[in-house]
Enquirer: 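Encoded as structure tokens, here's the structure I'll be asking about.
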Protein chains: 2
Amino acid sequence: MIRTNTDLLDYIALLQRHSVNSIGVEAFKAKQLILEQDRRYNTVYVIKKGIAKCYITDENGKEFIQEFLGAGMEFGELEVFSEKMTICSVSSVSELETYTFSHRIFNELLEKDPKFNKMVMKALADKIRYKAPRHSYQHSYPIEDNILRLKRTFPEFTDVLPKKDIANYIGITTRSLNRALKDLKESGK
Amino acid sequence: MIRTNTDLLDYIALLQRHSVNSIGVEAFKAKQLILEQDRRYNTVYVIKKGIAKCYITDENGKEFIQEFLGAGMEFGELEVFSEKMTICSVSSVSELETYTFSHRIFNELLEKDPKFNKMVMKALADKIRYKAPRHSYQHSYPIEDNILRLKRTFPEFTDVLPKKDIANYIGITTRSLNRALKDLKESGK
DNA sequence: GCATAAAAAGGACATTTGTCCCAACCCATA
DNA sequence: TATGGGTTGGGACAAATGTCCTTTTTATGC
């Protein structure tokens, strides 16, 4: 549920030690908006520590959470390859520390560092692999099953994340989430 | 709705003319199963002509269609980067012609041809960009809105694709699709 | 051209989920 | 300590969607 990529994180930590000025570091307090949907940016972030959420907001203000991002996850990288707007907003959920790359530096690394190139490629592939079954599952199964599934992969999810976010992640309303949680409790989890 | 990537297709056509033996060509009749979920493969396909569907089947046999793939779209490429099973089955919808790459050749190209590398990278990024708003939209809006949206991007969708596939793409039952189509017709589209 | 199977359309009903509320609670701070 | 915003939990009802089934239409093989 909260995705991570330690291989990438370790490698970037290594890179940064050798080229201090090209790779930056940034810190955010909890609940800060870092990227806003439909805007143009010039930075790629890789999470060093903390949790962020990546979400789409529709015209009615409803959020739909794409992913929760943990250590080693990138965001803002899609816009390196096509000069378009971001599709997702990204906010910090907890306090957050990130590495930052300008598009220019990121591209330079992709071109000159085959290992980096491969890792980024794999990270993209993993994002696709991860999303497919998730959305499929959410459509095909009742809410209760989806909650049980979350519990399996991330037992303490109700403690770390606000109910609103969990509901937006599953793509349901808070009301439905509460109802399902109650029913699960009554039927002995 | 049916995705394409002419840049990639053109480039591969070019590549193939110069190295006939490493890039293969394959043809499929309509409704053939090309990749089966949860199996291991060693080939990357790029569609030359025709339409394929990429879908996940759950334990109850329900299909959830991830994407319809048209000219220039790849499939089987995710497994080059992580040696895992396919998550999606892929079947031809119409007659299909594809270019084929062994993992070895695909990797060689990625390493030695920066242009190819960049195109594949961009193709991956586009798949992610495309999926996010689609699933978000499907969750947030009633079926009728989703159908109208399809009609806008692909007006003849009801002629080319079977109802079953359209329903599985939106993530609803055929019954619901028919109901919505009927209501739309009655209210003057 | 006929027989059979598959796809499409839709009626009737059950279930799920959302909408709109309101009440309880936590907790920051004036 | 009182006040107000935000989060949580849930009641009552409405709307959307699914399930099950039957009928009609269209495609396909012999």
Side-chain angles (χ1 to χ4, degrees), chain A residues 29-33 53 55 58-65 91-94 135-150 156-187 189, chain B residues 29-33 51 53 55 57-65 91-95 135-151 156-187 189:
Chain A
K29 276 173 287 190
K31 295 187 193 178
Q32 266 192 279
L33 181 62
K53 63 176 174 178
Y55 58 99
D58 68 23
E59 301 91 76
N60 314 317
K62 273 188 211 160
E63 283 182 11
F64 188 78
I65 295 181
S91 307
S92 52
V93 171
S94 65
H135 288 123
S136 156
Y137 198 92
Q138 276 174 198
H139 267 288
S140 311
Y141 290 87
I143 294 180
E144 292 201 7
D145 290 24
N146 275 289
I147 294 173
L148 289 174
R149 194 158 173 255
L150 284 190
E156 66 279 27
F157 72 108
T158 36
D159 308 323
V160 181
L161 302 167
K163 286 277 163 70
K164 193 92 209 311
D165 282 350
I166 298 171
N168 288 338
Y169 179 76
I170 307 184
I172 58 176
T173 58
T174 323
R175 182 70 194 88
S176 298
L177 177 63
N178 274 327
R179 185 156 35 209
L181 284 172
K182 195 189 162 209
D183 290 353
L184 283 175
K185 209 178 289 172
E186 278 168 10
S187 66
K189 280 179 171 189
Chain B
K29 277 175 285 187
K31 295 185 193 179
Q32 267 191 276
L33 181 63
I51 300 171
K53 62 175 176 179
Y55 58 99
T57 314
D58 68 23
E59 302 91 78
N60 314 315
K62 275 188 209 161
E63 284 184 9
F64 187 78
I65 295 182
S91 307
S92 51
V93 171
S94 65
E95 275 191 26
H135 288 124
S136 157
Y137 198 94
Q138 278 174 198
H139 267 288
S140 310
Y141 290 88
I143 293 179
E144 292 201 7
D145 291 23
N146 275 290
I147 294 173
L148 289 173
R149 194 157 173 256
L150 284 190
K151 239 183 204 149
E156 66 280 26
F157 73 108
T158 35
D159 307 323
V160 182
L161 302 167
K163 286 280 164 70
K164 194 92 209 313
D165 282 351
I166 298 171
N168 288 339
Y169 178 75
I170 307 184
I172 59 178
T173 58
T174 323
R175 182 71 194 89
S176 298
L177 176 63
N178 276 326
R179 185 154 37 208
L181 284 172
K182 195 188 163 212
D183 290 353
L184 283 175
K185 209 179 287 171
E186 278 169 9
S187 66
K189 280 178 173 186

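Chain naming here is simple, since letters A, B, ... match the order of the sequence lines and numbering starts at 1 in each.
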Enquirer: Do B/Tyr169 and B/Leu150 make a side-chain contact, defined as non-hydrogen atoms from C-beta onward lying under 4.5 Å apart?
Expert: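 SC-SC contact between B/Tyr169 and B/Leu150 confirmed.
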
Enquirer: Please report the shortest heavy-atom distance between B/Leu177 and B/Ala167, naming the atom on each side.
Expert: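 Closest approach of B/Leu177 to B/Ala167, heavy atoms only: CD2-N, 3.9 Å.
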
Enquirer: Provide the closest heavy-atom pair for A/Thr158 versus A/Ile166 in the form atom of the first, atom of the second, distance.
Expert: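 Closest pair (atom of A/Thr158, atom of A/Ile166, distance): CA-CD1, 4.0 Å.
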
Enquirer: Whole Å only: how far is the CD atom of B/Glu63 from the C1' atom of C/dA7?
Expert: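 It works out to 15 Å between those atoms.
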
Enquirer: Just by modelled atom types, is the A/Lys31 backbone N or O under 3.5 Å from a matching donor or acceptor in the A/Ser92 side chain?
Expert: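 Between the backbone of A/Lys31 and the side chain of A/Ser92 there is a qualifying donor-acceptor contact (under 3.5 Å).
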
Enquirer: Rounded to whole angstroms, how far apart are CG on A/Asn146 and C1' on C/dT17?
Expert: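 In whole Å, C/dT17 C1' and A/Asn146 CG are 13 Å from each other.
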
Enquirer: Tell me the closest heavy-atom pair linking B/Ser94 and B/Ile51, and the distance in Å.
Expert: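 Shortest heavy-atom contact: OG-N, 2.9 Å.
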
Enquirer: Compare every heavy atom of A/Ala180 with every heavy atom of A/Ile147, then report the nearest pair and how far apart it is.
Expert: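 In terms of heavy atoms, the two residues are closest at CD1-CB, 3.5 Å.
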
Enquirer: Decide yes or no for A/Leu181 and A/Lys163: does some side-chain heavy atom of the first lie under 4.5 Å from some side-chain heavy atom of the second?
Expert: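 Side chain of A/Leu181 against side chain of A/Lys163, heavy atoms only: contact under 4.5 Å found.
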
Enquirer: Who are the side-chain hydrogen bond (donor to acceptor under 3.5 Å, both in side chains) partners of A/Ser176, not counting sequence neighbours?
Expert: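 Applying side-chain hydrogen bond (donor to acceptor under 3.5 Å, both in side chains) to A/Ser176 gives A/Thr173.
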
Enquirer: Are the side chains of B/Gln138 and B/His135 in touch, meaning some heavy atoms are under 4.5 Å apart?
Expert: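 With C-beta onward as the side chain, the pair touches.
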
Enquirer: Using atom NZ of B/Lys163 as one end and atom P of C/dG10 as the other, report the distance to the nearest whole Å.
Expert: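 Taking atom P of C/dG10 as the reference, NZ of B/Lys163 is at 9 Å.
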
Enquirer: In whole Å, I'd like the distance from the CG atom of B/Asn168 to the P atom of D/dG18.
Expert: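 Taking atom P of D/dG18 as the reference, CG of B/Asn168 is at 11 Å.
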
Enquirer: Enter the distance from A/Asn146:CG to A/Ile170:CD1 here, rounded to the nearest 0.5 Å.
Expert: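 Going from CG on A/Asn146 over to CD1 on A/Ile170, the span is 6.0 Å.
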
Enquirer: Does A/Asp165 have any side-chain hydrogen bond (donor to acceptor under 3.5 Å, both in side chains) partners at least two apart in sequence or in another chain, and if so, which?
Expert: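 Only A/Lys53 meet the side-chain hydrogen bond (donor to acceptor under 3.5 Å, both in side chains) criterion with A/Asp165.
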
Enquirer: Protein-nucleotides 22-27 of chain C N/O pairs closer than 3.5 Å?
Expert:
none

Enquirer: When you compare the protein's N or O atoms with those of nucleotides 18-21 of chain C, which come within less than 3.5 Å of each other, and at what distance?
Expert:
unit_1: C/dG18; atom_1: OP2; unit_2: A/Thr173; atom_2: OG1; d: 3.2
unit_1: C/dG18; atom_1: OP2; unit_2: A/Ser176; atom_2: OG; d: 2.0
unit_1: C/dG18; atom_1: N7; unit_2: A/Arg179; atom_2: NH2; d: 2.8
unit_1: C/dG18; atom_1: O6; unit_2: A/Arg179; atom_2: NH1; d: 3.2

Enquirer: Looking at D/dG9, I'd like to know if its phosphate oxygens (OP1 or OP2) sit under 4.0 Å from a side-chain N or O belonging to A/Lys182.
Expert: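 For A/Lys182, the contact criterion (side-chain N or O under 4.0 Å from OP1 or OP2 of D/dG9) is not met.
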
Enquirer: So, for B/Phe64 and B/Gly171, which heavy atoms are closest and what is the spacing to 0.1 Å?
Expert: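 Smallest interatomic distance, heavy atoms only, reads CE1-CA, 3.5 Å.
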
Enquirer: When you check every protein heavy atom under 4.0 Å of nucleotides 22-30 of chain D, what one-letter string (B, S, -) results, 5' to 3'?
Expert: ---------

Enquirer: Distance to the ring centre below 6.0 angstrom and angle to the axis at most 45 degrees; does that hold for B/Arg149 and B/Tyr141?
Expert: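 No, B/Arg149 does not sit over the ring of B/Tyr141.
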
Enquirer: Identify all stems in which DNA chain D takes part, counting only runs of at least 3 consecutive pairs (Watson-Crick or G-U wobble, each distance under 3.5 Å), and give each as one range with another, ordered by first number.
Expert: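 Paired runs of 3+ in DNA chain D: C:1-30 with D:1-30.
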
Enquirer: Figure out the CG/C1' separation between B/Asp183 and D/dA15, and round it to whole Å.
Expert: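 It is 13 Å, rounded to the nearest whole Å.
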
Enquirer: Please state how far atom CD1 in A/Ile166 lies from atom P in D/dT7, giving the value in whole angstrom units.
Expert: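 Going from CD1 in A/Ile166 over to P in D/dT7 covers 13 Å.
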
Enquirer: Take atom CG of B/Asn178 and atom P of C/dG11, then tell me their distance rounded to the nearest Å.
Expert: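 My rounded result for the distance is 11 Å.
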
Enquirer: In this structure, how many angstroms lie between the P atom of C/dA8 and the CG atom of B/Leu161, rounded?
Expert: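 Atom-to-atom, B/Leu161 to C/dA8, this comes out as 10 Å.
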
Enquirer: Please name the pair of heavy atoms, one in B/Lys29 and one in B/Gln32, separated by the smallest distance, quoted to 0.1 Å.
Expert: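 B/Lys29 and B/Gln32 have their closest heavy atoms at N-OE1, 2.7 Å.
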
